[in-house]
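Working notes for the structure below.
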Amino acid sequence: MAEVLCTLPLPAPFEEMVRPRASLSVLGRIAPSAELAERLRAHPVDVLCPQLRDPITADLLDAGLPTLRCVSLYAVGYNNVDVDAATQRHIAVSNTPGVLTDATADCTLALLLAAARRICEGDAAARAGAFQGWEPDYMLGMELTGALLGVVGFGRIGQAVARRALGFGLRIAYSTDVEVSIDADIQGRVTELPIAELLSTADVISLHVPLTDATHHLIDERALRSMRSSSVLVNTSRGPVVDETALVRALREGWIAAAGLDVYENEPQLAPGLVECRNAVLSPHLGSATVATRAAMARLTAQNSLDAIDGRVPTNCVNPSAWEGGAPPAVS
Ligand code: GLV
Ligand code: GLV
């Protein structure tokens, strides 16, 4: 029987899908890399199902050989996996795209609205007894109707954010480094701009790029200084896309007006000073955190695992070239 190891327990229907076909073990916590490697050497598995906090390095992949054929990740972002190392070792890597697009776009809009309209700052004031009653100039924020939203990275999630923002009367521009196909319903309603122009003209910037060497600190001090002082930055992608230390200065010194963040450079730590920034709305990596979305992610993670066990390239494989020379035979 095939062997599958999850680092954390995954929600239904993961187990009911995998159990008939494999013996399933769950570590139950995020173990240090060396311990996970030890475990893989002691109990070889065919499929490893980690989540986004498990670093899947070349050394860890080596520990899984010769049996490990697939890393079936419970996430869409796969920056924690050394995909090149996996490909060299003929290990398929799969993720869970598509099913978390809407939930993540909703979370992005929640942060955008809260940051632009100072909802969390107002919540804190109301709780602290600092609300003295309605006043003409109390806690004014940004008018979103007619404002320009700059979407950096225009894949599924970026486009889902644009679609929602159009409903709020925002104008949309985007920048992208890769060829994108724009969904028919928003075509003609979005404009492409070079990133420098996007940063310097947008009222709101929202980040939807994967974390790669090229996007690490894409939003650095220079980028932040080029943004409008009235602007809002939203990040639901990956923390290291933003230089968080520079962002704290930007928020403190008014280079930008506010930020809405779901992801952080060194999760779960926050950069020194960020907590004190009242103009930052901080959510704890909740982009895909709905019951329905997490279940859909579990289903895809299971399906990708079963594909690999059966010797089929996983449905959502990010490195199909890993099995270019032929898929391994089904595990009997
Ligand atoms: C969440 O951040 C994911 O990549 O699935
Ligand atoms: C991620 O799923 C994206 O394509 O934006």
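One-based numbering, in listed order, for ligands and for the atoms of each. What you are looking at is a predicted structure, and each value in this text was computed from that prediction instead of being measured.
Looking from atom 5 (O) of ligand 1 to the surrounding protein, the closest heavy atom is Val76 N, 2.8 Å. For atom 4 (O) of ligand 1, the nearest protein heavy atom (residue, atom name, distance) is Arg238 NH2, 2.6 Å.
Residue-ligand proximity, Leu100 to ligand 1, at heavy-atom distances under 4.0 Å covers atoms 5 (O). Short contacts between ligand 1 and His285, defined as distances under 4.0 Å to a heavy atom of the residue, involve ligand atoms 1 (C), 2 (O). Contact atoms of ligand 1 toward Gly77: 3 (C), 4 (O) (distance under 4.0 Å to a heavy atom of the residue).
In this structure, Ala103 and Thr293 approach most closely via the heavy-atom pair CB-OG1, 3.4 Å. Counting all heavy atoms, side chain and backbone alike, Ser94 lies closest to Cys70 at OG-SG, 4.1 Å.
Looking at Ser237 next to ligand 1, no N or O pair under 3.5 Å apart turns up.
Contacts of Leu52 with ligand 1, taken as heavy-atom pairs under 4.0 Å, involve the side chain alone. Neither the backbone nor the side chain of Thr96 has any atom closer than 4.0 Å to an atom of ligand 1 (non-hydrogen atoms only).
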* After noting the C-alpha distance and the side-chain angles of Met142 and Val204, does the key distance pass the side-chain contact (heavy atoms from CB on, under 4.5 Å) rule? -> CA-CA 10 Å; Met142 182 194 293; Val204 180; 3.9 Å; yes
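A donor-acceptor contact closer than 3.5 angstrom is absent between the side chains of Ser321 and Thr87.
Taking 4.0 Å as the cut-off between side-chain N and carboxylate O, Asp310 and Arg312 count as a salt-bridged pair. With respect to Arg164 and Asp102, a salt bridge is recorded, a charged nitrogen being found less than 4.0 Å from a carboxylate O.
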